[in-house]
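Atom set for the values below is all heavy atoms of this structure, side chains included, hydrogens, waters and symmetry mates excluded.
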Amino acid sequence: EKTAENFRLIYDVKGRFTIHRITPEEAKYKLCKVKKGMTGPKGIPFLVTHDARTIRYPDPKVQVNDSVQVDISTGKITDYIKFDTGNLCMVTGGRNLGRVGLVTNRERHPGSFDIVHVK
């Protein structure tokens with residue numbers, strides 16, 4: 001607040017946290033990964049994000065593993081990005097932590113983890 005600068009904490013290519021300077025316009029939103037989507041009491045649809053936010057009445061097209069752009073001041077979804085092949089991604093776990101690339105393939109293994117190939 002004293003410097004009037006905004007930063008986002010992301011991973012670098014070696015898997016360490018680094019700060020990335022962003023504009024004040026970018027500081028108004030946050031990207032969240034959808035972890036769960038279900039219906040609550042009285043049939044109200046909601047989803048849970050990676051940072052434990054519960055968002056009620058989401059767009060029906062938003063599925064698990066998609067990324068949603070959340071307005072920080074209101075907590076509402078302003079946009080979403082489907083988890084599909086050909087989209088840009090950043091690896092957030094494992095040995096390839098911090099790696100940025102395109103999703104080329106997704107191997108589905110029911111009952112276990114999915115394997116995603118990044119180019």
Side-chain angles (χ1 to χ4, degrees):
E1 293 180 6
K2 291 184 179 182
T3 61
E5 292 179 299
N6 297 300
F7 299 95
R8 189 153 283 156
L9 197 63
I10 59 171
Y11 295 111
D12 67 358
V13 292
K14 292 193 175 182
R16 301 171 299 205
F17 280 122
T18 184
I19 55 174
H20 177 71
R21 186 174 282 114
I22 58 174
T23 64
E25 193 61 36
E26 283 181 298
K28 294 179 182 173
Y29 68 84
K30 175 181 183 173
L31 288 177
C32 297
K33 181 180 176 181
V34 177
K35 289 292 191 180
K36 287 189 214 170
M38 56 184 66
T39 56
K42 299 181 184 173
I44 297 173
F46 70 94
L47 52 87
V48 180
T49 62
H50 78 281
D51 59 346
R53 291 176 190 259
T54 301
I55 302 172
R56 294 170 28 140
Y57 299 108
D59 188 333
K61 297 176 189 167
V62 177
Q63 300 293 322
V64 175
N65 289 329
D66 292 349
S67 295
V68 292
Q69 182 177 324
V70 177
D71 187 2
I72 293 176
S73 60
T74 62
K76 305 280 186 208
I77 296 174
T78 55
D79 197 13
Y80 68 95
I81 303 162
K82 297 296 286 178
F83 183 70
D84 260 336
T85 58
N87 286 350
L88 192 66
C89 71
M90 175 182 268
V91 180
T92 58
R95 288 222 170 163
N96 291 308
L97 182 67
R99 183 175 168 197
V100 176
L102 295 175
V103 177
T104 57
N105 187 20
R106 180 180 177 188
E107 293 178 24
R108 294 180 185 261
H109 298 281
S112 182
F113 296 106
D114 292 353
I115 298 173
V116 178
H117 296 271
V118 177
K119 182 177 181 182

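Counted within 6.0 Å of NZ on Lys82, heavy atoms from surrounding residues, nucleotides or ligands total more than 12; the atom is thus considered enclosed. Within a 6.0 Å radius of CD in Glu107, more than 12 heavy atoms belonging to other residues, nucleotides or ligands are found.
In this structure, Asp71 contributes its side chain and Tyr29 its backbone to no donor-acceptor pair below 3.5 Å.
Residue pairs satisfying the side chain to side chain donor-acceptor pair (under 3.5 Å) criterion with at least one member in residues 50-65, sequence neighbours excluded, are listed as follows: Lys30-Asp51, Thr49-Asp51, Asp51-Arg53.
Taken from NE2 in His109 to CZ in Arg106, the straight-line distance is 11.0 Å, to the nearest 0.5 Å. Atom CG of residue Asp12 and atom CG of residue Leu97 lie 8.5 Å apart, to the nearest 0.5 angstrom. Asn6 CG to Ile19 CD1: the interatomic distance, rounded to the nearest 0.5 Å, is 11.5 Å.
Using a 4.5 Å heavy-atom cutoff, the side chains of Ile115 and His117 are in contact.
Residues Gly86 and Leu102 approach most closely at O-CD2, 3.6 Å, considering heavy atoms. Considering every non-hydrogen atom in both Val118 and Gly101, the closest pair reads CG1-CA, 3.7 Å. Here the closest heavy-atom approach between residue Ile10 and residue His20 is recorded as CD1-CB, 4.0 Å. In terms of heavy-atom proximity, Val64 sits nearest to Gly37 at CG2-N, 4.0 Å.
In terms of hydrophobic clustering, with Ile, Leu, Val, Met, Phe, Trp and Tyr side chains grouped at heavy-atom distances under 4.5 Å, Ile55 and Val62 are assigned to a common cluster.
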_Let's go through Gln69 and Tyr80 carefully: what are the C-alpha distance in whole Å and the side-chain angles of both, what is the deciding distance for side chain to side chain contact (heavy atoms under 4.5 Å, CB included) to 0.1 Å, and is it a yes or a no?_
CA-CA 6 Å; Gln69 182 177 324; Tyr80 68 95; over 6 Å; no
*Could you check Val100 against Leu88 for side chain to side chain contact (heavy atoms under 4.5 Å, CB included), going step by step and ending with a plain yes or no?*
CA-CA 7 Å; Val100 176; Leu88 192 66; 4.1 Å; yes
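Under the side chain to side chain donor-acceptor pair (under 3.5 Å) criterion, Lys28 pairs with no residue at all, not counting sequence neighbours. When the ring pair (Phe, Tyr, Trp, His ring centres under 6.0 Å) test is applied to Tyr11, the partners found at least two apart in sequence or on another chain are Phe17.
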